[in-house]
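Reading through the structure tokens given below for one structure.
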Amino acid sequence: MLRSVRRIQGDTLGFLQSMARQHGPVVQFPVPGAGTYLVAGAEPVRRVLVTNARAYGKATLQYRTLSLVTGEGLLAADTEAWRAQRPVVQPAFHADAVDRTAAHVDAAVRALVADWDRAVAAGREVDVEPAMLQAAMAVVRAALLDAGSNADVRALTTATARALEIVLARASTPGALLPLGWTPAGRRLSRAVRGLDAVVSDLVVERRRRAYRTGEYGADLLGLLLAAGLPPRQVRDQVVTFIVAGHETVATALTWALDLLARDEPVAARLAAEADGVLGDRPLDVRLLPRLPYARAVLDEVLRLYPPAWLLTRRARVDDELAGARIPAGSLLILSPWLVHRDPECWADPDAFRPDRFLPDAQRPAPLHYLPFGAGPRICIGRDMALLEGVLVLAALARRYRFGTDRTAPAPPLAQVTIRPRGGVRLRLRAR
Ligand code: HEM
């Protein structure tokens, strides 16, 4: 393990893949303390997340580290806290609420297109990732926190990125074991989190003020949290959780999508043809979704190749057995959709970008083999929202632009909080 440290840091995904290939579906890492296992096979992953999910919780270093930013929100909450929280926020993700997100996606795409049209006119390349982060943040902000204003989207995007960056850097140094105030990185993190908290606190104050005037909190996430009478700390933790969970995931998926489209003319042309026939000049709308099966297949395939949430961890609450290996209570389990999605036992030609695999008339992949949103009781609550947003954005951009790049290979993946393209993605756009 010590010899592998450099490799783990430089090429985490490659390291995990080589472990799985050499040692099989469940690999025990020789590290001191409680057992640490890589669960790579589709079957044992399913057992941990779905069929024996109650035997596993989220009391892991990954989620504890994330909670330095998100607090005890829904994503990081361990079993009992999670059970109390999920019903409070679930109504914000009912079908009609998700459908209403389309209007916010439309607004975010209009702002993005206005920016990118200027870049096209000036012959400038566009830096895709920051633009997608901003667009996805605008959607989360409008759909869940307040549709009224979005003046603080840039501040939110920067403060969140900053806090996550420091958490990530901190997680890979011994300073992580010390209290926050003791190290410079810890103090920087506290400052970044305070910046995020200030924006969130303004949102809450504004909503309370409005509720005082109108007599109601509203049916979006923020309204539900306040109406449930949660203490301010819990409201803050949920709001930050949804900001973190809901924007970088969608933004990195869309960034990879454009990177892939720029190097695959036939797929880009087919996507554009579908979008031309469906979108017209009307605002983006949920009713368009069933008429965009190719855009959906492209998104599904991007989420297979680059599942943004590449690392899921669990702590065994009781003894269990996975693929014949005994897993004592207290063990740490490391799971990765990346491994399952690139496993040749599950997928033909797993590294190839082939949206056709997901077309409605293709043979559907086994649910066991495809889990970009996780699975079981802790499955992503924002799945439908993310799919709606992803499909509409892809279709709208493909209809408007041709994407170009000189790079022949995809950017190398960098496994951080999400899987990001190392060095970013810069593309030349041409109007269609
Ligand atoms: C492409 C976009 C997205 C991907 C790939 C994704 C992926 C995931 C995955 C894999 C999990 C399960 C984590 C685990 O089991 O440890 C998860 C949970 C979660 N996601 Fe997403 N997500 C996306 C978009 C969103 C959006 C848009 C939101 C909210 C607006 C969101 C909010 C959450 C929350 C709150 C949880 C925790 C759910 C629970 O434990 O009950 N996600 N997501």
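Heads up: numbering here begins at 1 and tracks the sequence. In each ligand, atom 1 is the first atom listed, and ligand 1 is the first ligand listed.
Taking every non-hydrogen atom of Ala309 and a distance limit under 4.0 Å, the qualifying atoms of ligand 1 come out as 7 (C), 10 (C). Close contacts between ligand 1 and Pro308 involve ligand atoms 5 (C) [criterion: under 4.0 Å to a heavy atom]. Every atom of ligand 1 with a heavy atom of Gly374 under 4.0 Å away is listed here by number and element: 10 (C).
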Please step through side-chain contact (heavy atoms from CB on, under 4.5 Å) for the pair Phe29 and Ile334, ending with a clear verdict. CA-CA 10 Å; Phe29 287 132; Ile334 298 169; 4.1 Å; yes

side-chain hydrogen bond (donor to acceptor under 3.5 Å, both in side chains) for Gln85 and Gln238? Distances and angles first, verdict last. CA-CA 9 Å; Gln85 292 176 12; Gln238 295 299 4; 2.8 Å; yes

Is there a side-chain contact (heavy atoms from CB on, under 4.5 Å) between Leu397 and Met132? Walk through the geometry before answering. CA-CA 12 Å; Leu397 294 179; Met132 290 301 166; 3.6 Å; yes

Working note: Asp285 + Asp99, criterion side-chain contact (heavy atoms from CB on, under 4.5 Å); need CA distance, chi angles, decisive distance, verdict. CA-CA 8 Å; Asp285 186 294; Asp99 292 356; over 6 Å; no

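Of the listed residues (Trp310, Tyr63, Tyr56), the one carrying the non-hydrogen atom nearest atom 16 (O) of ligand 1 is Tyr63. Of all the listed residues (Trp82, Phe93, Phe242, Phe373), Phe373 holds the heavy atom that lies closest to atom 11 (C) of ligand 1. The closest non-hydrogen atom to atom 41 (O) of ligand 1, taken over Arg314, Arg378, Arg83, Arg86, comes from Arg86.
When only non-hydrogen protein atoms are considered, atom 34 (C) of ligand 1 lies nearest to Ile381 CG2, 3.8 Å. Protein heavy atom nearest atom 28 (C) of ligand 1, with residue, atom name and distance: Gly246 CA, 3.5 Å. Scanning all protein heavy atoms for the shortest distance to atom 7 (C) of ligand 1 gives Pro372 O, 3.5 Å. Here the protein heavy atom with the shortest distance to atom 30 (C) of ligand 1 is Leu144 CD1, 3.6 Å. The protein heavy atom nearest to atom 21 (Fe) of ligand 1 is Cys380 SG, 2.3 Å. Closest to atom 36 (C) of ligand 1 among all protein heavy atoms lies Leu75 CD1, 3.7 Å. Of the protein's heavy atoms, Ala245 CB, 3.5 Å lies nearest to atom 32 (C) of ligand 1. Among all protein heavy atoms, the one lying closest to atom 24 (C) of ligand 1 is Thr249 OG1, 3.5 Å.
Here Asp11 does not pair with Arg422 in a salt bridge; the nearest charged N to carboxylate O distance is not below 4.0 Å. Using a cutoff of 4.0 Å between basic side-chain nitrogens and carboxylate oxygens, Arg315 and Asp78 are not scored as salt-bridged.
Heavy atoms of Arg383 stay at 4.0 angstrom or farther from ligand 1. Residue-ligand proximity: Leu312 is placed with a non-hydrogen atom under 4.0 Å from ligand 1. In this structure, Leu387 does not count as a contact residue of ligand 1, since none of its heavy atoms falls inside 4.0 Å of the ligand. Ligand 1 has no atom lying under 4.0 Å from any heavy atom of Gln85.
Within the 4.0 Å heavy-atom criterion, the part of Lys58 lying near ligand 1 is the side chain and not the backbone.
Put simply, CZ on Arg314 and OG1 on Thr60 are 8.0 Å apart, with the number rounded to the nearest 0.5 Å. Note: Leu429 CG to Tyr401 OH = 6.5 Å, rounded to the nearest 0.5 Å.
Side-chain contact between Leu74 and Val89: present, with at least one pair of heavy atoms (C-beta onward) separated by less than 4.5 Å. With contacts defined as side-chain heavy-atom distances shorter than 4.5 Å, the pair Val340/Leu371 qualifies.
Geometric assessment of Arg342 against the ring of Tyr306 yields a positive cation-pi assignment under the 6.0 Å and 45° thresholds.
A distance below 6.0 Å separates the ring centres of Phe93 and Phe242.
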